[in-house]
Amino acid sequence: MSADATDPATEEASGGPAVRRLADWDADRLRDLAADHGTPLYVTDLDRVAQNCVRLRDAFPDAEIRYAVKAHTGRAVLETVRESGIDAECASAGEVRRALDAGFAGERLHYTAVNPPARDLDLVVEWWTAHPELTITVGARDTLDRLAERGFDGRVCVRVNPGIGAGHHEKVRTGAAAKFGVPYDRAADVVADARDDFEVVGVHAHAGSGIHGEDDLAAHRELVARMGDLAREVGDLEYVDVGGGFGVPYHEDDPPLDLDAVAAATREALGDVDAALAVEPGRYVVADAGVLLTAVNTVKPTPDTTVAGVDAGMTDLLRPAMYDAYHAIRNLDADTDGGRGRGPVTVAGPICETGDTFCDGRELSVPERGDLLAVGNAGAYGYEMASTYNSRPRPAEVTLDGDVLRERETLDGVTRLERGGGSE
Ligand SMILES: *Cc1c(COP(=O)(O)O)cnc(C)c1O
C-alpha cells in the first residue's frame, strides 16, 4: 500500500488505483497463504477484480461491457464480475455453462462461436431454449447454417475480420486472423442474409493484440472507425462490439493504460451510430488481481546467472513459454531479509522444456533455497492455461482472504481419465 492511499472504501467505490503492481501486494499475507495452502499457489484478490470493473464502468458509462470469461473462469471471479454489472462473453459451451452456473441471466450472456465443435453448438442451442435472450456471435456463414439446422433463430451478432489497413497489419490480415470473422467486404451481405433467419443484434470485431501504447491506440481507432462505418451501412443494430484487448502493464516500468483516453478515442472513432458501444475486456479485469506464488527448491550458480529452480512451471503459467511474456518477479523473503545480494537470476520450472523459465538472467535478489517468489499479473490467462504436462497436477487457487477457489489437483486427479486399453 502506498503511503498516500485513500480510505479503502472510497478506493473501491472509485475503482482504486489505475494499476496494482506486484510490489503493492502484502508480503506477509502472501507468505501466510503459501504456508497454509502450499505452492505453487494462485492468489486472487476479488476486491481488485471489483475495482477493475468499476474503473471500466466509469470509463465507458454508456457502453455494454462484457467480460471475456476465458481470461479467468473461477466461479468467484465470475460472480464478482456479475455483481459489478458486467456481462459475460464466452468462448465455448464450457464457458457458457460456467457463466450460467455463476448466475448470469441469458440476456447477459454472449457466446462467441469460433469454428464451434458440433457438441458446443448442440449444448448452447439447448440452453438457449431455456435462456432465449442469449446472443451467439458468429464468424462464418457456415456457422449460421449450422445454427439454423439446429432450429436456432435467436439473437445473432456477426463477427467481422476488420483487416485494418496495410503496413504492420498485413501479416495479421493474411495470417492467423483470417480465422476470425467474415471478411470485412462481405460483412454487410452476411448481415443482410442472416436477417432472414435470425435476429441480428450486433456486429463485432476483436483485434486481439492488446492496446498498450500510441500505435496500438491508432490501430484500435481504425478498427472502431471501420466498425462504425459498417454499422451505419447495415443499420438497425442494438450494438457495435469492438472487442477487448485493453492492455495491462506487465513490466514494472510500463505506465498504466489510460482507460479514459481509450474510451474517448473509441467513442470519437465510432462516430454517430444509432447503436450502443460494446467492449469485451478480459485481461484488464483480472490480470493485476492475481499472483502466482512459487517456492525455490534448487539454487545453482553458473558463470552467467544463478538458476533458481522453482516448483511452478509452464504447466502453471504458460505465458512466458508461449508468448515470451514478461512477468514481474518478487522475492517475498528478500523483502524481510535484505542480506541477499542482487544479480542475474534465471527462474526455471520443473518441466523438461527449455522454454520452461519465467525469466532468464534478470537482475533480482539472488534467492536461497526455500524462498518464496511471487509472479505478478498472473490473474489473466494464468490458471486457465494450466495443463498436466509432465504429469504435474495443476496448482491450487485461493482468494486473498484464504478461501479456496480451486483445490490443488492430486496425482489421482491427473491419472483419473486413464484406462487400460489394449487387447482383450
Ligand atoms: C480473448 C477475447 C477477448 C478478450 O481479450 P483480452 O485481451 O483479454 O481483453 C475479447 N473478445 C474476444 C472475442 C476474445 O476472443
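In listed order, ligands and their atoms are each counted from 1.
If you number the atoms of ligand 1 from 1 as listed, the ones under 4.0 Å from a heavy atom of G244 come out as 9 (O), 10 (C). Those atoms of ligand 1 with a heavy atom of E89 less than 4.0 angstrom away are 11 (N), 12 (C), 13 (C). Set against the non-hydrogen atoms of P281, the atoms of ligand 1 under 4.0 Å away are 9 (O). Remark: ligand 1 atoms within the under-4.0 Å shell around heavy atoms of G245 are 5 (O), 6 (P), 7 (O), 9 (O). The distance from ligand 1 to the heavy atoms of G282 drops below 4.0 Å at these ligand atoms: 4 (C), 6 (P), 8 (O), 9 (O). Short contacts between ligand 1 and A68, defined as distances under 4.0 Å to a heavy atom of the residue, involve ligand atoms 3 (C), 4 (C), 10 (C).
In this structure, Y323 has its ring center at least 6.0 angstrom away from the ring center of Y250.
Counting heavy atoms under 4.0 Å from ligand 1, residue H206 touches it through the side chain alone. Residue A71 does not touch ligand 1, judged by heavy-atom distances below 4.0 Å. If you look at Y381 next to ligand 1, the close heavy atoms, those under 4.0 Å, all belong to the side chain.
In summary, the side chains of T44 and E397 do present a donor paired with an acceptor at a separation below 3.5 Å, with no hydrogens or angles considered.
In terms of polar-atom proximity, defined here as any N/O pair under 3.5 Å, R283 does make such a contact with ligand 1. Note: no N/O pair closer than 3.5 Å links T112 and ligand 1 by distance alone. The shortest N/O to N/O separation between K70 and ligand 1 falls below 3.5 Å.
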Starting from the C-alpha separation in whole Å, work towards a yes-or-no answer on ring-ring contact (aromatic ring centres under 6.0 Å, His included) for Y67 and F104.
-> CA-CA 12 Å; Y67 167 57; F104 283 92; 8.3 Å; no
Does the pair R394 and R406 meet the rule for a side-chain contact (heavy atoms from CB on, under 4.5 Å), with working shown?
-> CA-CA 10 Å; R394 285 174 294 178; R406 308 197 234 217; over 6 Å; no
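At a threshold of 4.0 Å, the pair R66-E89 does not count as salt-bridged, since none of the basic side-chain nitrogens sits closer than that to a carboxylate oxygen.
In terms of modelled atom types and a separation under 3.5 Å, the side chain of R319 and the main chain of A380 share no donor-acceptor contact.
The aromatic rings of H251 and Y326 sit parallel, their planes meeting at an angle under 30°, below the 60° perpendicular limit. Ring geometry for F60 versus F246: interplanar angle under 30°, hence parallel rather than tilted (30 to 60°).
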